[in-house]
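Worksheet: one structure, shown below.
Keep in mind the model is a prediction, meaning the values are calculated, not measured. Naming: A, B, ... by sequence-line order, numbering from 1 per chain.
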There are 2 protein chains.
Amino acid sequence: MPKKTSPINVDPRVRRTRRLLREALVSLILERDFASISIREITERAEVAYITFFRHYESLDVLLMEVLDEGLGELMTRIETLAKQSDTSNLETEGRLIFEYIGQKADLFRILFKSQSVTRVRKKVVRNIAAVFQKSCLPLARSGNQTTTAMLSNHIATSLLALIEWWLDNKMTPAPAQMGRVYKNLIIDSTVGVVSTVSAMS
Amino acid sequence: MPKKTSPINVDPRVRRTRRLLREALVSLILERDFASISIREITERAEVAYITFFRHYESLDVLLMEVLDEGLGELMTRIETLAKQSDTSNLETEGRLIFEYIGQKADLFRILFKSQSVTRVRKKVVRNIAAVFQKSCLPLARSGNQTTTAMLSNHIATSLLALIEWWLDNKMTPAPAQMGRVYKNLIIDSTVGVVSTVSAMS
DNA sequence: CCTTTTTGTTATACTATGTAACAATTGTAG
DNA sequence: CTACAATTGTTACATAGTATAACAAAAAGG
């Protein structure tokens, strides 16, 4: 197995520097606007030389991407198992698990939604989630129309993200168990319920 | 009637300058990223002195706000009439009118969704739309729970915006008439349908 | 312990923001 | 038409951030 995929052979100084820069960006972005954060400020908080930043990242956006990728990968795998559920009770349970997970990594998701100038990242996340539902969610695939399935999976993806964002803004109430029910009823069931109606379009 | 609300008494040079700056920003933002656009570039394209920008706007964001406010006001009034519809056929018709209107002012809405660093503007728009539905959409108000109505109106607002964004990205197909039906079935009816189920939460 | 790699220090070029003083132009009122 | 007022243009300058380079210092690895 190749060692390049899981870089454990990295110089400890490099690991330390990159970790310090990530942590500095996270702590800053939770304080104020992403747009107002400079590379100088990040390196100062990380207690690292200014030029060191450019030895690891070509831009601020790349660092932000790395920070988000830290946790979004796990979210995607959870959403995949979510999308494959067809049983009613499992659907609700998996919905609960998603919101419990988000509650644990709340800081990370606050960054995803809060940081301005990451519309691009958000769109990418929406596309990924929509693709997962388009593949895995069987009731949607049953409607022959290509445009319809694309539109409905986009609806599910954006609705899920919007629900997560609202939940974070609403101090994470109601509890995850109730949010799991909301996910099932409001997002999945109601969308699946209109497949036959909407897919009758030309 | 006060003249301050509709400033017709403005110096024609001021009107001209502000119009040139708005047009320059719009043409630039449709070409590339908002983040990469500088004030210098805007003033050059507008054929206006650099310092003149600061005589009218305190920042680039303020100019962007003015550009968006040009057209979003009309959208909001249309959405208000949309939210008040309870008749089934009217719901579909008003949905069609919304998408016809968006098709006409497509450039403006592309700016709303495309321009990075306007997450703040987007959130504000969502809040405004959600407030309209929370007030006007009677079936939602029937559920006593305050949290539920806030969540559902947020769901409608974000779903509508996401559907508009998807429609613009999809080259404005299907036609507005079909999108009107989608609006009715996917966003309104399915949301109203789960009110009783979801509002049974604590 | 010696070599390699990484990091820190310092200097520099470049670009953009934002302000100020003064001249030139344009609009307006008499 | 003229004189006054307001706006705009020109030039200069202070500040801040990006990005790169050369060389010294420190840390990692054999």
Exercise. May I have the distance from B:Glu44 (atom CD) to C:dT15 (atom C1'), rounded to whole angstrom?
Key: 12 Å

Quiz item: What pairs with B:Val26 under side-chain contact (heavy atoms from CB on, under 4.5 Å), at least two apart in sequence or on another chain?
Solution: B:Leu30, B:Val67, B:Ile111

Quiz prompt | Nucleotide nearest B:Phe54 (side chain, heavy atoms from C-beta), chosen from C:dT9, C:dG27, C:dT17 | solution = C:dT17

Quiz prompt | Rounded interatomic separation in angstrom, taking CG from A:Leu20 and P from C:dT7 | solution = 10 Å

Quiz item: Nearest nucleotide by nearest heavy atom, which residue falls closer to the 5' end of DNA chain C, A:Glu47 or A:Arg40?
Solution: A:Glu47

Quiz item: Has B:Thr17 got a side-chain N or O lying under 4.0 Å from the OP1 or OP2 atom of D:dT7?
Solution: no

Exercise. With axes from five pairs an end, tell me the bend angle of the helix from C:dC1-D:dG30 to C:dG30-D:dC1, nearest 10°.
Key: 30°

Quiz item: Rounded to whole angstrom units, what separation is found between the CD1 atom of A:Ile37 and the P atom of D:dA16?
Solution: 18 Å

Self-check item: N/O (side chain, A:Ser38) to phosphate O (OP1/OP2, D:dA16) under 4.0 Å
Solution: no

Practice problem: Nearest whole angstrom, please: distance from the C1' of D:dT8 to the CZ of B:Arg18. | Solution: 15 Å

Quiz item: Between B:Arg16 (CZ) and D:dG9 (C1'), how many Å, whole number?
Solution: 12 Å

Exercise. Figure out the CG/P separation between A:Asp11 and D:dA27, and round it to whole Å.
Key: 12 Å

Quiz item: Cation over ring, B:Arg96 on B:Tyr101, under 6.0 Å and within 45°?
Solution: no

Practice problem: For C:dT7, take OP1 and OP2 only and decide whether either is under 4.0 Å from a side-chain N or O of A:His56. | Solution: yes

Quiz item: In terms of the nearest nucleotide of DNA chain C, which residue is placed more toward the 5' end: B:Pro12 or A:Ile51?
Solution: A:Ile51

Self-check item: Check ion pair A:Asp169-B:Lys123 (N to O, under 4.0 angstrom)
Solution: yes

Quiz item: Are OP1 or OP2 of D:dG9 and a side-chain N or O of B:Tyr50 less than 4.0 angstrom apart?
Solution: no

Exercise. Round to a whole Å and report the spacing from CD1 of A:Ile39 to P of D:dG17.
Key: 11 Å

Quiz item: Between C:dG27, D:dG9, D:dA19, which nucleotide gets closest to the side-chain atoms of B:Thr52?
Solution: D:dG9

Practice problem: Establish whether the base of D:dT8 is bridged to the side chain of B:Arg13 by a donor-acceptor pair shorter than 3.5 Å. | Solution: no

Practice problem: Kindly determine whether B:Glu23 and B:Arg45 satisfy salt bridge (Lys or Arg N to Asp or Glu O under 4.0 Å), including the steps that lead there. | Solution: CA-CA 9 Å; B:Glu23 289 172 358; B:Arg45 182 163 296 199; over 6 Å; no

Exercise. Find out whether B:Phe113 and B:Leu161 are in side-chain contact, i.e. whether some heavy atom of one side chain is under 4.5 Å from a heavy atom of the other.
Key: yes

Practice problem: Check whether any side-chain heavy atom of B:Phe34 lies under 4.5 Å from a side-chain heavy atom of B:Asp61, and answer yes or no. | Solution: yes

Practice problem: Please name all residues satisfying side-chain contact (heavy atoms from CB on, under 4.5 Å) with A:Glu80, sequence neighbours left out, ordered by chain then number. | Solution: A:Lys84, A:Val132

Quiz item: In whole Å, what is the span from the CG atom of B:Leu60 to the P atom of C:dT15?
Solution: 19 Å

Quiz item: Which of parallel (below 30°), tilted (30 to 60°) and perpendicular (above 60°) describes A:Phe54 and A:Tyr50?
Solution: perpendicular

Quiz item: What about B:Arg55: does its side chain form a donor-acceptor pair under 3.5 Å with the base of C:dG18?
Solution: no

